[in-house]
Amino acid sequence: MTTINGTDLIAIGYTPNSAIGVALNIATGLSGLTRDDLSAQFRQILQSPAAFEDHAVFGPLAKALQLEAQRAIDNAVIPLNATTGAYTVFGRENIGEGAIKQMNIAMRLPVAVAGALMPDAHQGYALPIGGVLATRGVVIPYGVGNDIGCRMALTVLDIPVSHFENNRDLYQSVLVNNTHFGAGPGFKPDQRSDHAVLENNLFTEHPIIKNLKDKAWAQLGSSGGGNHFVEFGYIDFPADDLPLGIPKGKYLALLTHSGSRGFGGILAAHYTQLAKSICKLPDEAKNLAWLDLNSAEGNDYWLAMELAGDYAAACHDVIHQKIATALGAQVLAKVENHHNFAWKEQWKGEEVIVHRKGATPAGEGVMGIIPGSMATPGFLVRGKGAAAAVNSASHGAGRQMSRTQANKNISPAEMKAQLAQEGVTLIGGGTDEAPFAYKDIFAIMEAQQALVHSVAQFTPKVVRMADDGSAED
């Protein structure tokens, strides 16, 4: 009969797991050893399991201990810092408690270096929409977001505003004939566009991306759903803008908002789950799981993210080229910027990874576009490089109602009346995107005067959005 039991093993340092069962089975088969002899033997194996891997009797216990040790490492939860790192909130009066709570959690990550919350911020998944987070050496897939590389693009055209006013039906038909919205496979094979982005080597070499080329090609130049749009409007420059080469005046412009479509969504889902399997965080922070950029997984995600950003830019490029060609228009200037992306930037003398989840880059002199809603102005801006904002600004007005709340509280008649009052023609779209669902863009701009300089104001006039109720991630 064995002279040692599970309590004895725990007393000498064993953890209650499957290895104890293996040890007790071995002890049962041993004879001629005292309780003290057995304790000494099992303590020695616990301290140096690798030395007993090939032992005829104790080998199974050594391997069980090593397996349990690896499981403990794999399942170890990385603790958050006890205190929240300092960060600046811009326009606090416009921001709900849900977004603040999410940002507080993000700023407790042990990899967090700096952060800021933009005035359009609202609660999202993991990092709040409008959240900016700088980390050291790691990238957070959910900190980038599901719609990787979602962006704005604005083209100033050489068409007189008067021509637009006198031919609005023409411009509506151009939008309908040269854009594609909603969830689904995208363009039919004979309607697809070509672009250099599809020649990227990752489409043949990357283990995930190589299976997505046809999806990317089919959706190239489409806009998806949710708050994505293609619209004509007026852009008013109150003074000559020398960097853009645009004299003072009012111009017709094309403004687009969309991201990397299903291609980016699949990449985001894959790498978010991968990060969560590698990086275990407490439940309240689990969606902020990261990938080390020195790891193969982190490098693969970074390459995928950059390609998704390039693909999103290509989608805008195709749309703008199609519409300019259809109108026979010349492009006077073009400005575009990502949000939902991560950048390698310098912060206090070291390289950091800056995640902008629904936030616009606003380094000194960097151009950006901050839209309002389908019936309120947007702004062409130039960044001031504010350190307190981690060189960022808002990416729009920000929602003050969820889609469900908007559909419940805003009637189609109310939305139609507001659009008519502002002289806006809407093609598609629903009450979930009604202007009332968004914060006051002028209050948002007021709250970030220290972050950006307003260069020009854009006023939407003909807006196209998805009409199938689909929502982009």
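The figures that follow rest on heavy atoms only: side chains count, while hydrogens, waters and symmetry mates do not.
Two residues are said to be in side-chain contact when any heavy atoms from C-beta on lie closer than 4.5 Å; Ile12 and Phe42 meet this criterion. Side-chain contact between Phe436 and Asn409 is absent, with no heavy atoms from C-beta onward closer than 4.5 Å. A 4.5 Å side-chain heavy-atom check between His195 and Asp317 finds at least one atom pair inside the cut-off. Considering only heavy atoms from C-beta on, Leu202 comes within 4.5 Å of Leu303 through its side chain. Between Leu33 and Gln41, every side-chain heavy-atom pair lies at or beyond the 4.5 Å cut-off. With contacts defined as side-chain heavy-atom distances shorter than 4.5 Å, the pair Leu109/Leu281 qualifies. Annotation: side chain of Leu65 is not in contact with side chain of Phe52 (no heavy-atom distance under 4.5 Å). Contact of the Arg464 side chain with the Phe181 side chain is registered, since non-hydrogen atoms from C-beta on lie closer than 4.5 Å.
Partner of Asp432 under the side-chain hydrogen bond (donor to acceptor under 3.5 Å, both in side chains) criterion, out of Gln405, Arg403, Lys408: Arg403 alone.
Residues Pro49 and Leu46 approach most closely at CD-O, 3.5 Å, considering heavy atoms. Val132 and Ala359 make their closest contact through CG2-CB, 3.7 Å (heavy atoms, listed as atom of the first residue, atom of the second, distance).
Salt bridge annotation for Arg136-Glu350: present, with a cationic side-chain nitrogen under 4.0 angstrom from a carboxylate oxygen. By the 4.0 Å N-to-carboxylate-O rule, Arg92 lies close enough to Glu97 to be salt-bridged with it. Of the charged side-chain nitrogens involved, at least one lies within less than 4.0 Å of a carboxylate oxygen, so that Arg151 and Glu336 count as a salt-bridged pair. Between Asp54 and Lys63, none of the side-chain N atoms (NZ, or NE/NH1/NH2) sits under 4.0 Å from a carboxylate O, so this pair counts as no salt bridge.
A donor-acceptor pair is defined here as one N or O able to donate and one able to accept, closer than 3.5 Å; such a pair exists between the side chain of Ser277 and the backbone of Leu274. With Lys439 contributing its side chain and Ile444 its backbone, the two residues share no donor-acceptor pair below 3.5 Å. Between the side chain of His228 and the main chain of Met465, no donor-acceptor pair closer than 3.5 Å is present. Checking side-chain atoms of Trp217 against main-chain N and O of Ser193 turns up a donor-acceptor pair under 3.5 Å. Looking at Gln448, its side chain never comes within 3.5 Å of a backbone N or O of Phe90 through a donor-acceptor pair. Checked by atom type and distance alone, the side chain of Asn337 pairs as donor or acceptor with a backbone atom of Ile369 at under 3.5 Å. Looking at Thr272, its side chain never comes within 3.5 Å of a backbone N or O of Ala269 through a donor-acceptor pair.
Cation-pi geometry between Arg399 and Tyr438 is met: under 6.0 angstrom from the ring centre, within 45 degrees of the axis. Judged by the 6.0 Å distance and 45° axis criteria, Lys322 is positioned over the aromatic ring of Phe187.
Annotation: ring-ring contact (aromatic ring centres under 6.0 Å, His included) contacts of Phe263 (sequence neighbours excluded): Phe203, Tyr311. Scanning for ring-ring contact (aromatic ring centres under 6.0 Å, His included) contacts around Phe58 gives His55, with sequence neighbours left out. For Tyr125, there are no ring-ring contact (aromatic ring centres under 6.0 Å, His included) partners two or more places apart in sequence or in a different chain.
With rounding to the nearest 0.5 angstrom, the CG atom of Asn200 is 4.5 Å from the CG atom of Leu307. Annotation: the span from His316 atom NE2 to Ser223 atom OG amounts to 7.0 Å, rounded to 0.5 Å. Distance CD1/Ile20 to CG/Leu61: 10.0 Å, rounded to 0.5 Å.
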Inset, instruction - Go through the steps to decide whether Arg108 and Thr83 satisfy the test side-chain hydrogen bond (donor to acceptor under 3.5 Å, both in side chains), and finish with yes or no. - result: CA-CA 6 Å; Arg108 290 177 59 200; Thr83 58; over 6 Å; no
Inset, instruction - Would you sort out whether Asn104 and Thr84 count as a side-chain hydrogen bond (donor to acceptor under 3.5 Å, both in side chains), showing the intermediate values? - result: CA-CA 6 Å; Asn104 287 344; Thr84 300; 4.8 Å; no
Inset, instruction - Output, in order, the C-alpha distance, side-chain angles, deciding distance and verdict of side-chain hydrogen bond (donor to acceptor under 3.5 Å, both in side chains) for Glu68 and Thr15. - result: CA-CA 9 Å; Glu68 291 295 345; Thr15 301; over 6 Å; no
Inset, instruction - Go through Ile353 and Val138 one step at a time and tell me if the side chain to side chain contact (heavy atoms under 4.5 Å, CB included) criterion holds. - result: CA-CA 7 Å; Ile353 308 305; Val138 305; over 6 Å; no
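Below 30°, between 30° and 60°, or above 60°: for Phe341 and Trp343 the angle between ring planes is above 60°, a perpendicular geometry.
Aromatic ring centroids of His339 and His355 lie 6.0 Å or more apart.
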Do any side-chain atoms of residues 378-393 form donor-acceptor pairs under 3.5 angstrom with protein atoms, and if so which ones, sequence neighbours left out?
from   : atom 1 : to     : atom 2 : distance (Å)
Arg382 : NH1    : Asp241 : OD1    : 3.1
Arg382 : NH2    : Asp241 : OD1    : 3.3
Arg382 : NH2    : Asp241 : OD2    : 3.0
Lys384 : NZ     : Gln449 : O      : 2.7
Ser392 : OG     : Arg356 : NE     : 2.7
Ser392 : OG     : Ala389 : O      : 3.2
Ser392 : OG     : Val390 : O      : 2.9

Please set out all donor-acceptor pairs under 3.5 angstrom arising from side-chain atoms of residues 283-293, sequence neighbours excluded.
from   : atom 1 : to     : atom 2 : distance (Å)
Asn287 : OD1    : Lys276 : NZ     : 2.9
Asp292 : OD1    : Asn294 : N      : 2.7

Validation: residues 110-122 side-chain donor-acceptor distances under 3.5 Å, sequence neighbours left out:
from   : atom 1 : to     : atom 2 : distance (Å)
Asp120 : OD2    : His395 : N      : 3.2
Asp120 : OD2    : His395 : ND1    : 2.7
Asp120 : OD2    : Gly396 : N      : 3.3

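For the residue pair Asp37 / Thr34, a side-chain donor-acceptor distance below 3.5 Å is found, with atom types taken as modelled.
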